[in-house]
Protein chains: 2
Amino acid sequence: MAYGSKELAAIGDPTRQAMLERLRRRPMTVGELAEGLPVTRPAVSQHLKILRQARLVTERREGTRHYFNLNPEALLELRGYIDRMWEDALGAFSRYVAQQKRKRKRLGK
Amino acid sequence: MAYGSKELAAIGDPTRQAMLERLRRRPMTVGELAEGLPVTRPAVSQHLKILRQARLVTERREGTRHYFNLNPEALLELRGYIDRMWEDALGAFSRYVAQQKRKRKRLGK
DNA sequence: TAGAACCGTAAGCCATAACTAACTGTAAGT
DNA sequence: ACTTACAGTTAGTTATGGCTTACGGTTCTA
């Protein structure tokens, strides 16, 4: 796998998407996240584990509280991956356009 | 949902990821894609439907052949979404750092 | 030390998405 | 009209991942 399929798979889940959206605003604890979501706290915990392993979030502890925040580094990498895919898509598109032009020339059209 | 959760969910599946990777190189037919993957052609067809509905690929027909290629537009949008998320992450990070500095000041440390 | 608050983990359940095989639709050639 | 090649669709199967409940660990305070 080029870029981690783990990262993309992590982002793919609706509950995890909602969590990432929440974390855009500010770091949050497990409990805080769970409050705004239609799932239990342990479910949130499990999702956070996946996000952490995909490096999309980082964790820091203050006493009993575990704060999670978005990881800018990982997002930058993800953006880079999409960027390269976009470039490839453009490249393939212009190759196709050039090919069509050659086709039209050949058909005298 | 801010950016389409449909798009992110579409990218999340390993088989679809592999397909997108293949399509970076050049447009391909259903059959061609299926040849390089450990799943049947109907499975590929079904996945392509999801990718098409998420606008991540576009389709063009030449006779009996259906060619699929990456959609640069959609990739640009996706990149934009990740970008904004990255910016938010940076913002949240610097707010946190500033907060820590205030904390340290207060503690005379 | 006990109790409260916070949270990770394990294990069971089950809805669903990814898979397959079979069928059907479309395009093109004879 | 028939055949071949390509691909979409349907329906059944099943593995799995997301959910829940229950339990136990950690931290802090009185």
Side-chain angles (χ1 to χ4, degrees), chain A residues 1 4-23 26-71 96 103 107, chain B residues 1 4-23 26-71 96 103 107:
Chain A
M1 266 291 106
S5 57
K6 193 197 287 188
E7 285 80 4
L8 292 173
I11 274 198
D13 176 75
T15 302
R16 289 199 286 276
Q17 280 166 35
M19 285 160 67
L20 291 172
E21 279 296 306
R22 301 276 303 289
L23 290 170
R26 59 180 178 93
M28 288 174 124
T29 63
V30 185
E32 284 173 325
L33 279 168
E35 258 179 47
L37 289 166
V39 294
T40 61
R41 183 197 52 73
V44 169
S45 234
Q46 285 173 6
H47 281 302
L48 284 169
K49 183 173 180 178
I50 291 165
L51 289 172
R52 207 181 62 238
Q53 285 172 347
R55 295 186 314 120
L56 290 167
V57 297
T58 53
E59 179 188 7
R60 118 195 141 247
R61 303 184 185 195
E62 293 182 13
T64 63
R65 292 175 186 279
H66 305 211
Y67 284 91
F68 290 83
N69 54 278
L70 293 183
N71 177 11
Y96 165 70
K103 259 198 195 167
L107 293 182
Chain B
M1 267 289 110
S5 58
K6 192 196 289 188
E7 285 79 4
L8 292 173
I11 275 198
D13 177 74
T15 302
R16 289 200 286 278
Q17 281 167 36
M19 285 161 66
L20 291 173
E21 279 296 306
R22 300 275 302 292
L23 289 170
R26 59 180 177 93
M28 288 175 121
T29 62
V30 184
E32 283 173 325
L33 279 167
E35 258 181 45
L37 290 165
V39 294
T40 60
R41 182 195 54 72
V44 170
S45 230
Q46 283 174 9
H47 281 302
L48 282 169
K49 185 173 181 178
I50 291 165
L51 289 172
R52 208 180 60 239
Q53 286 172 349
R55 294 187 314 120
L56 289 167
V57 298
T58 53
E59 178 188 5
R60 114 196 148 249
R61 300 182 188 198
E62 292 182 16
T64 63
R65 290 174 188 279
H66 303 211
Y67 284 89
F68 290 84
N69 53 278
L70 293 183
N71 177 9
Y96 166 71
K103 259 196 192 169
L107 293 183

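Here the structure is a predicted model, which means the values were calculated and not measured. In the text below, chain A, chain B and the rest are named by the order of the sequence lines, each starting its count at 1. As a basis for the values below, the full set of heavy atoms in this structure was taken, side chains included, without hydrogen atoms, waters or symmetry mates.
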So, OP1 or OP2 of [N]: does either fall under 4.0 Å of a side-chain N or O from [X]?
X	N	result
T15(B)	dC19(C)	yes
T40(A)	dT20(D)	yes
R41(A)	dC7(C)	no

Taking all atoms of both residues into account, what is the closest heavy-atom pair of [X] and [Y], and its distance?
X	Y	result
S5(B)	Q17(A)	CB-OE1, 2.8 Å
R52(A)	V57(A)	N-CG2, 3.6 Å
L23(B)	F68(B)	CD2-O, 3.2 Å

Which nucleotide in the list [options] gets nearest to the side chain of [X]?
X	options	answer
R65(A)	dA18(C), dC7(C), dT20(C)	dC7(C)
I50(A)	dT20(D), dA7(D), dG18(D)	dG18(D)
T29(A)	dC7(C), dT27(D), dA27(C)	dC7(C)

Spacing of [X] atom [atom1] relative to [N] atom [atom2], expressed in whole Å:
X	N	atom1	atom2	result
E59(A)	dT26(D)	CD	P	14 Å
H66(B)	dG25(C)	NE2	P	15 Å
L33(A)	dG18(D)	CG	P	16 Å
R60(B)	dC6(D)	CZ	P	16 Å
I11(B)	dA17(C)	CD1	P	18 Å
R52(B)	dA7(D)	CZ	C1'	11 Å
K49(A)	dA10(C)	NZ	C1'	10 Å
D13(A)	dA15(C)	CG	C1'	14 Å

If we ignore hydrogens and angles and just use 3.5 Å, is the side chain of R55(A) paired with the main-chain N or O of N71(A) as donor and acceptor?
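No, the answer is negative, given that no donor and acceptor are paired below the 3.5 Å cut-off.
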Strictly distance-based, threshold 3.5 Å: is any side-chain N or O of R16(B) a donor or acceptor partner for the main-chain N or O of H47(B)?
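Side chain of R16(B) to backbone of H47(B), a donor-acceptor pair under 3.5 Å: no, none is there.
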Have a look at Y67(A) and say if it touches a base, only the backbone sugar-phosphate, or nothing, with a 4.0 Å heavy-atom cut-off.
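No contact at all - Y67(A) keeps every heavy atom at 4.0 Å or more from the nucleic acid.
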Hey, which of these two, Q46(A) or R61(A), hits DNA chain C nearer its 5' end, going by closest nucleotide?
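Comparing both residues, the 5'-ward one is R61(A).
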Upstream residue (5' side of DNA chain D) when H47(A) and T64(B) are each assigned their closest nucleotide:
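Comparing both residues, the 5'-ward one is T64(B).
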Quick check on DNA chain D: between P38(A) and E62(A), whose nearest nucleotide comes earlier from the 5' end?
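Of the two residues, P38(A) wins.
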